[in-house]
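Comments concern the structure below.
Source: prediction; values computed, not measured. Side-chain atoms are counted along with the backbone in the values below, which use heavy atoms only and exclude waters and symmetry mates. Count residues from 1 along the sequence.
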Amino acid sequence: KLDPQWRLASKFRDEVEGALDDDAVALDAFRRFKFGTPETVPALTTLLTGSEEEDNQRIAAEILGQIGDTGAVEALRNALQPDLAEGLRRTIVKALGKTGNPEAVPVLLGALQQDENMEVKKGAAAALGNVGGDEAVAALASISKEDLPEAVMNKVVAGLRQNPSSQAVDALCAMLE
């Protein structure tokens, strides 16, 4: 016998998959059930990449960030493209940070170094701090204070401060020189 949570997840998945042709119905299903599961990643990915409504794309990105598994990170990573609206790019980098998944580090570092928008760069630096761990600290430590504007570097410093390790301390000291 399935426990109630699994039955609910199954019902949720069926409803969302059945509603993919109607973004509003699918998003309503996500809101009503207030969770995502690894099983919902394909439906969320379709909403993130296929919806014409930026608000729907943002909600899908936020839920993928809460799921945080490899499939969710892959969906977010693949969706982060330079031609997306700046607000959606910010939402995606924030969602990648919420995953806490080290698989997000390379794409966040890329956004930090290469995105044209300062708000996206700041979001990527903050997201790296949220991911934490050795890989994220190494990515933040690899940034030179000459590489980015001061407002972005403040976020890099904050990200390093979130992750107290000898590597982070060394990077912070090097930035002061």
Side-chain angles (χ1 to χ4, degrees), residues 30-31 34-38 40-42 44-45 47-49 51 54-177:
F30 283 112
R31 286 188 186 116
K34 303 271 193 232
F35 71 94
T37 64
T40 64
V41 168
L44 287 164
T45 301
L47 287 172
L48 177 60
T49 59
S51 177
E54 189 175 327
D55 286 342
N56 294 349
Q57 292 173 306
R58 285 183 188 184
I59 292 168
E62 289 168 2
I63 296 171
L64 285 165
Q66 291 169 4
I67 295 170
D69 73 352
T70 299
V73 170
E74 182 179 347
L76 290 164
R77 186 177 59 224
N78 291 337
L80 186 59
Q81 299 297 320
D83 61 337
L84 291 178
E86 172 259 332
L88 183 56
R89 292 195 320 273
R90 276 195 338 248
T91 299
I92 291 172
V93 296
K94 184 176 179 180
L96 282 163
K98 283 186 178 181
T99 68
N101 190 322
E103 294 175 24
V105 170
V107 73
L108 289 171
L109 181 59
L112 175 59
Q113 294 173 326
Q114 298 167 4
D115 200 282
E116 299 284 326
N117 184 280
M118 180 153 352
E119 295 304 314
V120 174
K121 287 178 178 285
K122 289 183 343 188
L128 282 164
N130 291 337
V131 168
D134 293 342
E135 289 179 50
V137 169
L140 288 166
S142 73
I143 302 298
S144 167
K145 64 183 176 183
E146 289 80 27
D147 292 341
L148 298 168
E150 184 177 349
V152 178
M153 283 307 298
N154 289 340
K155 293 291 185 178
V156 170
V157 169
L160 287 167
R161 291 181 63 207
Q162 274 181 257
N163 295 281
S165 68
S166 60
Q167 185 182 17
V169 171
D170 291 345
L172 289 166
C173 288
M175 288 178 183
L176 292 173
E177 295 175 352

Charged N to carboxylate O below 4.0 Å: is that the case for Lys122 and Glu119?
yes
Taken to the nearest 0.5 Å, the spacing of Arg90 CZ from Leu84 CG works out to 13.0 Å
Test Leu108 against Leu112 for side chain to side chain contact (heavy atoms under 4.5 Å, CB included), laying out the working first.
CA-CA 6 Å; Leu108 289 171; Leu112 175 59; over 6 Å; no
Step by step, work out the side chain to side chain contact (heavy atoms under 4.5 Å, CB included) result for Val73 and Leu96.
CA-CA 7 Å; Val73 170; Leu96 282 163; 4.1 Å; yes
What's the spacing between Thr40 OG1 and Ile67 CD1 if we round to 0.5 Å?
3.5 Å
What do the steps show when you test Lys98 against Asn130 for side chain to side chain contact (heavy atoms under 4.5 Å, CB included), and what is the final call?
CA-CA 7 Å; Lys98 283 186 178 181; Asn130 291 337; 5.7 Å; no
After noting the C-alpha distance and the side-chain angles of Leu47 and Ile63, does the key distance pass the side chain to side chain contact (heavy atoms under 4.5 Å, CB included) rule?
CA-CA 11 Å; Leu47 287 172; Ile63 296 171; over 6 Å; no
What are the two closest heavy atoms between Asp69 and Pro38, and how far apart are they?
OD2-CB, 3.3 Å
Tell me if a side-chain donor or acceptor on Lys121 pairs with a main-chain N or O of Ala111 at a distance below 3.5 Å.
no
For the CG atom on Asp134, are there more than 12 heavy atoms of other groups (residues, nucleotides or ligands in this structure) within a distance under 6.0 Å?
no
Between Ala171 and Ala141, what is the shortest heavy-atom contact and its length?
CB-CB, 3.4 Å
Do any N or O atoms from the side chain of Asn163 and from the backbone of Gly129 form a donor-acceptor pair under 3.5 angstrom?
yes
Euclidean distance, Arg89 CZ relative to Asn117 CG, rounded to 0.5 Å:
5.5 Å
Evaluate the side-chain proximity of Leu48 to Leu76: yes if any heavy-atom separation is below 4.5 Å, no if none is.
yes
Roughly how far apart are Asn101 CG and Glu135 CD, rounded to 0.5 Å?
9.0 Å
Report yes or no: does Gln57 contribute a side-chain atom to a donor-acceptor pair with the main-chain N or O of Ser51 at less than 3.5 Å?
yes
Does any pair with a residue in residues 146-168 pass salt bridge (Lys or Arg N to Asp or Glu O under 4.0 Å), and if so which ones, sequence neighbours excluded?
none
What's the separation between atom CZ in Arg77 and atom CG in Leu64, rounded to the nearest 0.5 Å?
12.5 Å
Using a 4.5 Å cut-off on heavy atoms from C-beta on, say whether the side chain of Leu148 contacts that of Met118.
no
Can you tell me how far CG of Leu160 sits from CE of Met153, rounded to the nearest 0.5 angstrom?
8.0 Å
In terms of side-chain geometry, is the basic nitrogen of Arg58 or Glu54 positioned less than 4.0 Å from the acidic oxygen of its partner?
yes
